[in-house]
Amino acid sequence: MTAQIFLIAPADADADSFPTRLQAILAAADVAALLLPKGTHNEAEYIALVNAVLPIAQAADCAVLLEDEPDLAKTTGADGVHITTGLSAVKAAVAALKPDMIVGAGDIGSRHFAMTVGEAGVDYLFFGTPSEASTPEDRENAEWWAETFEIPAVWSDPGAPLDTIDSIGCEFVAIGDALWSAPEGAEKAIASVIKALERTS
């Protein structure tokens with residue numbers, strides 16, 4: 001089965017220009033989920049971005065995930081959250097949002113932590129980082145999780161060329177900065193991603 005795309009918005013995405021860029025991507029490819037990083041946004045800027053993106057993404061059956069903002073996810077109508085701030089935050093988000101909304105966990109530094117987070121009731125585990133090169137340990141942990149457990153895994157390897165992206169057995173592949181900064185444009189670059197995923201699945 002071909003891995004699905006887990007899209008990561010640029011850290012500096014804004015409510016004025018990003019929705020148009022996103023719409024072009026969603027017209028060119030099926031995207032399962034979109035993560036909106038907090039980046040350097042203040043609260044008002046982040047809320048504006050969320051509100052601008054939600055109708056576009058959800059109309060394309062793309063789930064919108066907010067970074068470490070369970071309360072905001074509920075009030076804006078987002079689909080869920082991506083938690084990066086530890087086990088207690090994961091448990092709090094699961095208690096507040098499940099079963100109606102998605103709760104995922106990132107910053108998975110070890111197999112022990114992965115199992116502990118998985119037992120907390122998350123919907124996915126995110127291996128690697130959104131923007132920095134993945135490590136051999138990240139890759140090993142992602143492959144181990146995907147082979148061993150039923151909870152879906154997201155694999156992120158920002159250093160990999162878009163035309164060689166490999167899901168390494170994970171259900172989702174995260175695509176971020178490399179797509180938005182592609183010289184040929186993001187809409188054309190996403191085609192390379194789709195071909196690579198089809199080839200390696």
Side-chain angles (χ1 to χ4, degrees), residues 4-108 117-118 120-131 151-156 158 171-181 186-187 190:
Q4 298 182 74
I5 295 172
F6 184 104
L7 189 62
I8 303 174
D12 62 352
D14 64 81
D16 294 327
S17 62
F18 181 67
T20 301
R21 301 178 71 190
L22 174 64
Q23 202 156 26
I25 291 295
L26 295 177
D30 290 329
V31 176
L34 169 69
L35 171 61
L36 293 177
K38 276 296 289 283
T40 58
H41 301 102
N42 61 36
E43 194 71 6
E45 291 169 342
Y46 193 55
I47 292 172
L49 174 63
V50 173
N51 287 334
V53 162
L54 277 174
I56 295 169
Q58 291 176 338
D61 292 324
C62 172
V64 177
L65 306 173
L66 310 192
E67 186 177 57
D68 299 316
E69 292 275 6
D71 291 342
L72 185 60
K74 290 176 74 172
T75 58
T76 58
D79 298 282
V81 291
H82 177 81
I83 302 295
T84 64
T85 51
L87 182 60
S88 61
V90 169
K91 289 181 176 179
V94 168
L97 303 182
K98 297 278 286 178
D100 298 325
M101 299 173 71
I102 299 166
V103 177
D107 200 19
I108 308 297
V117 167
V122 296
D123 295 290
Y124 68 82
L125 275 70
F126 185 105
F127 293 90
T129 68
S131 58
I151 299 172
V154 181
W155 171 233
S156 178
E171 289 84 354
F172 300 88
V173 172
I175 308 294
D177 291 345
L179 179 72
W180 303 115
S181 62
E187 303 95 293
I190 197 71

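Bear in mind the structure is a predicted one, so any value in this text is a computation, not a measurement.
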Extract all donor-acceptor atom pairs below 3.5 Å that involve side chains of residues 93-104 and protein atoms in other chains or at least two apart in sequence.
unit_1, atom_1, unit_2, atom_2, d
Lys98, NZ, Asp123, OD1, 2.6
Lys98, NZ, Asp123, OD2, 3.1

Answer whether the closest heavy-atom distance between the side chains of Glu171 and Tyr124 falls below 4.5 Å. no

Contact summary for Ile83 and Gly86, nearest pair of heavy atoms: CG2-O, 4.2 Å

dist Ser156:OG -> Leu35:CG (nearest 0.5 Å) comes out at 10.0 Å

Examine the side chains of Thr84 and Asp68 and answer whether a donor and an acceptor come within less than 3.5 Å of each other. yes

Has the side chain of His41 got a donor or acceptor atom that lies under 3.5 Å from a matching backbone atom of Ala13? yes

List the atom of Ala120, the atom of Val90, and the distance in Å for their closest heavy-atom pair. CB-CG1, 4.1 Å

Leu66 versus Ala78, closest heavy-atom pair with distance: CG-CB, 3.9 Å

Can I get a per-line list of side-chain donor-acceptor pairs under 3.5 Å for residues 4-12, giving both atom names and the distance, sequence neighbours left out?
none

Working note: Lys38 + Glu45, criterion side chain to side chain contact (heavy atoms under 4.5 Å, CB included); need CA distance, chi angles, decisive distance, verdict. CA-CA 9 Å; Lys38 276 296 289 283; Glu45 291 169 342; over 6 Å; no

Measuring from atom CD1 of Ile47 to atom CD of Glu69, what distance do you get when rounded to the nearest 0.5 angstrom? 8.0 Å

Under 3.5 Å, side chain of Tyr46 to main-chain N/O of Thr40, donor-acceptor pair present? no

Enumerate, atom names and distances included, each donor-acceptor pair closer than 3.5 Å involving a side-chain atom of residues 17-33, sequence neighbours excluded.
unit_1, atom_1, unit_2, atom_2, d
Ser17, OG, Asp14, OD1, 3.2
Ser17, OG, Asp14, OD2, 2.8
Arg21, NH2, Trp180, O, 3.1

For Val117 and Ala105, the nearest pair of non-hydrogen atoms, with its separation, is CG1-CB, 3.4 Å

Is the shortest side-chain heavy-atom distance between Val173 and Ile175 below 4.5 Å? yes

Could you tell me whether a side-chain N or O of Asp79 sits under 3.5 Å from a main-chain N or O of Leu65, the two making a donor and an acceptor? no

Side-chain contact, heavy-atom cut-off 4.5 Å: Leu34 with Val53? yes

